[in-house]
Amino acid sequence: MPRKTTEGWLFDAYPEPEGMRVWIIERGGGRRSVLDCWRPAFHAGGDARALKRISDILAGLPYPVETAWVDKKELFSDATLRVLEIRVPVLERDRLVKRLVAMEFALYDADMHLVQAYHYDRGHFPLALCRFRLDGGILSSFELLDDPWSVDYEIPSLRFLHLSLSGSDIAGRVDPNHAAFGRLSLTMDGRTSELEGGARDQLETLARRLRVFDPDVVTSDWGDSVLMPELERLSNEHRIPLGFSRDQGRGVEGKKDRSFFTYGRAVYQGGARYFFGRWHLDGKNSFMLRETDTDGLFEIARIAKIPVQRAARCTIGTSLSSMQMAWASTHGVLIPMEKQQAEDFRPATELLAADKGGLVYEPDVGWHRNVAEYDFTSMYPEMMVRRNISPETVNCPCCPENAVPEVGHHLCTKRRGLVPSVLEPILLKRARYKALAKAGGPDAASYKRRAAAHKWCLVTCFGYLGFKNARFGKIEAHECVTAWGREVLLRAKDSVESRGYRLLHALVDAIWIELRPGADLEELRLLIEREAECPLALEGVYEWIRYCPSKEDALSGVPGRYFGAFTNGELKIRGIALRRRDTPSLLKAMQRELLERLARVEPGGDLKALVPALLDIVSDYRLRLREGRVTAEELAITFHLSREPGEYVHDTVSSLAAKQLAATGVTLHAGETVRYVITAASDAVKEWRSKPLALMEHGLEYDAKKYLELLERAAWEVLDGLVPPPAPKRRPQAVKPPELPLLWS
DNA sequence: AAAGTACGGGG
DNA sequence: GTGTACGTACTTT
């Protein structure tokens, strides 16, 4: 058997009966697969009797089992436990674990994703550069030449092939679920070609291109939900194997589609299609790809040790979980099968104090000039790292004196927590990427996307602490974070006000200060940062900023609704129609035009002087609506289904649009998106009230009166406070959108 | 008046 | 293979 060493990147890994099949992209360009005879380990604890019973079961298994006694740490108690380490063939683990769990044995490290467990155990990660020692087809050892925390790692030069359906995005159709199956397009080396001929010819061409070009990555639009399933069907029907997997012995693995809830909204994920020895990445079914492209995706795969195809499709919570498990695994800490920690009992009064989230002030409603905004950078992760907040460090038996403000919890000072240990390198790496991006250069954009990927990890980490199903979550730890966050903001407020500045607004991790002439911004920043004990950055100085009033009560403000222009002319907009996905793009464009005009005011200039120009803008849009100079695209309302169409109780224009689509045979899931136009908002015939773009065959029909109403509302949202309030008519509140002739004539 | 429903955030 | 916030605005019944 030939022995050799080769330098290359660990490209793919998946289980086989004898171990892990590993694909390597060699520095010289070769693609080869080898077998790593690895077996996963899990651990069993319990008393002597229980372990004896396990030994008996293991002895009766028809395959080889390795066992050893090892000492491991139990995370929450910090106790050392002697446990039985069990190693079995990869493909046997899940069945054995299921059997032992059913017999109520205490198992650890037993339900991790197998490929992730492989990476933790071996100490490598996806896309790691290694020197591999090969013994024929066997991977006998390797040397890691890479570091997941390095910022300037090399990525192998990958061959991409992009698959899409032409005609799948036509006429505002959101995805091909709602359109006919189009023609297949291939893009390689920047050249796109449409496949010609009937299904047979197209399949043969595709199979040939895959074979000849041999891509490492097949990217697609809607590959998971539509393209791959359809190609599979055709491939079976015409008996033309496509060879998507580079591994000749493997087909394509399918995962079922699902709808789930996250951040209070439904998400629909099309069933995944995984390849072997090659990747399939569906750009339309991956949050990470959409947000951060392959730069962020590879970054996540490397630090979370999750295979790239999977990292593309899983939520960041899963990636974060993996980082925590990797940390536990390398630090000899036992990983529980599922979340077992119950919430500690607390008296009702404490619960009340602890349940508050971030601190929120009511802004000083109105238009303001010369305002500085400072943000605490990564406030929650910073608190976790700085204050050592982790599920196992909360209310430890040893440090009652290290109290957390308000909530009645305390934190350990003796033992470094798992969560801060995992977060600290992420915070540092993100800061390095941000600095590199700021420095410019050819890779600046790539660094920026990697920093964005890290940002998502940091954002998620806080939420995950309070998630009841998280393996390492604990609600008390979550409460400590928000409590410290509130303390930081309170200190900042005191710090600002004690220097005689006026605080206009404060929101979780941001503060807005009315500046005095000659104020030293950096001095102020340092002062607040020192007193609040959290890193602070100047977000910018506003030439003007408006805090919008509540529409229920014109005298009170809404914390998250404001817009302003920085002195450099850039806009920051929050909470108004322009920011909402369900606002027609026509109205977004109008609001943006108004705001951009306002942003061009000369320093210290009079905003009210711009009113005539602003009213002209509104008039133009109004006229366009009246004269029909608008497209369906501009009027379309994008609407996110929170349930299946049939489950809606009320017939809103949105649910009616969804129901119409469903009636034509389109299966819509919670979490999917429908775009529609309001055709006749109050028509007695409900199906005539709105129309999905996908069903729009003839000319555009729209409810001009309704859209004009929405337009006035959107215009008013920006202009309120600059133009005189409309005379009250039947409705007494001055904040209601004005009647047309009164204000705009 | 009450209940149903959608949205944002982070950059 | 997983975060069912939480407050506001608007609509339907």
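Keep in mind that what you see is a predicted model, and the values were worked out from it rather than measured. Note on naming: letters A, B, ... go to the chains in the order of the sequence lines (proteins, then strands), and numbering restarts at 1 for each one.
Nucleotides dG8(B) and dG1(C) place their P atoms 27 Å apart, quoted to the nearest Å. For the P atom pair drawn from dG7(C) and dG11(B), the interatomic distance equals 22 Å after rounding to whole Å.
When the side chain to side chain contact (heavy atoms under 4.5 Å, CB included) test is applied to L436(A), the partners found at least two apart in sequence or on another chain are V151(A), Y433(A), Y447(A). The ring pair (Phe, Tyr, Trp, His ring centres under 6.0 Å) search around F276(A) returns Y14(A), not counting sequence neighbours. Scanning for side chain to side chain contact (heavy atoms under 4.5 Å, CB included) contacts around D375(A) gives E373(A), A510(A), E539(A), K572(A), with sequence neighbours left out. The salt bridge (Lys or Arg N to Asp or Glu O under 4.0 Å) test applied to R643(A) returns no partner, not counting sequence neighbours. With sequence neighbours excluded, no residue satisfies ring pair (Phe, Tyr, Trp, His ring centres under 6.0 Å) with W484(A). By the side-chain hydrogen bond (donor to acceptor under 3.5 Å, both in side chains) test, D703(A) is found to be paired with no residue, residues two or more places apart in sequence or in another chain being considered. Every residue two or more places apart in sequence or in another chain that forms a ring pair (Phe, Tyr, Trp, His ring centres under 6.0 Å) with H505(A) is listed here: W512(A), Y547(A). The ring pair (Phe, Tyr, Trp, His ring centres under 6.0 Å) check on F275(A) picks up F244(A), H280(A), with sequence neighbours excluded.
For R579(A) and dG11(B), a side-chain-to-base donor-acceptor distance below 3.5 Å is present, hydrogens and geometry of angles not being considered.
Side-chain atoms of K706(A) lie closest to dT11(C) of the nucleotides dT11(C), dG11(B), dA9(C). Considering only side-chain atoms of K551(A), the nucleotide from dG1(C), dC10(C), dT8(C) that sits closest is dC10(C). Among the nucleotides dA9(C), dG11(B), dT11(C), the one closest to any side-chain atom of R713(A) is dT11(C).
Taken residue by residue, residues 645-657 of chain A places heavy atoms nearer than 4.0 Å to DNA chain B at Y648(A), V649(A), H650(A). A heavy atom lying under 4.0 Å from DNA chain C marks none of the residues of residues 562-578 of chain A.
Taking only side-chain nitrogens and oxygens, S642(A) comes nearer than 4.0 Å to OP1 or OP2 of dA6(B). Within the 4.0 Å cut-off from OP1 or OP2 of dC7(B), at least one side-chain nitrogen or oxygen of R581(A) is found. The phosphate of dA9(C) (OP1 or OP2) has a side-chain N or O of R561(A) nearer than 4.0 angstrom.
Using a 4.0 Å heavy-atom distance criterion, K255(A) is classed as a sugar-phosphate-only contact. Within 4.0 Å of R643(A), counting heavy atoms only, lie sugar-phosphate atoms of the nucleic acid but no base atom. Using a 4.0 Å heavy-atom cutoff across all strands shown, K256(A) reaches no nucleic acid atom at all. Residue contacts for H640(A): at a heavy-atom cut-off of 4.0 Å it reaches the sugar-phosphate backbone alone, with no base atom in range.
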Watson-Crick and G-U pairing of DNA chain C, under 3.5 Å, as dot-bracket with | and [ ]: .....||||||||
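Pairing each heavy atom of K305(A) with each of F125(A), the nearest pair is CG-CB, 3.9 Å. In this structure, S319(A) and A304(A) approach most closely via the heavy-atom pair O-CB, 3.5 Å.
Rounding to whole angstrom units, OH of residue Y433(A) and C1' of dG11(B) are separated by 17 Å. One interatomic measurement links the two molecules: CZ of F287(A) to C1' of dG1(C), which rounds to 17 Å at whole-angstrom precision. In this structure, the CD atom of E552(A) is 8 Å from the P atom of dC10(C), given to the nearest Å. Atoms CZ (F639(A)) and C1' (dC7(B)) sit 12 Å apart, rounded to a whole Å. Between K659(A) atom NZ and dT5(B) atom C1' there is a gap of 12 Å when expressed in whole angstrom units. Between I316(A) atom CD1 and dG11(B) atom P there is a gap of 13 Å when expressed in whole angstrom units. If you measure from atom CD1 of I335(A) to atom C1' of dG1(C), you get 15 Å, rounded to the nearest angstrom. Rounding to whole angstrom units, CG of residue D295(A) and C1' of dG11(B) are separated by 16 Å.
A salt bridge between R313(A) and D282(A) is absent, with no side-chain N of the basic residue lying under 4.0 Å from a carboxylate O of the acidic one.
Residue pairs meeting the salt bridge (Lys or Arg N to Asp or Glu O under 4.0 Å) criterion with at least one member in residues 678-689 of chain A, sequence neighbours excluded: D651(A)-K686(A).
In this structure the side chain of L587(A) reaches within 4.5 angstrom of the side chain of P584(A), judged on heavy atoms.
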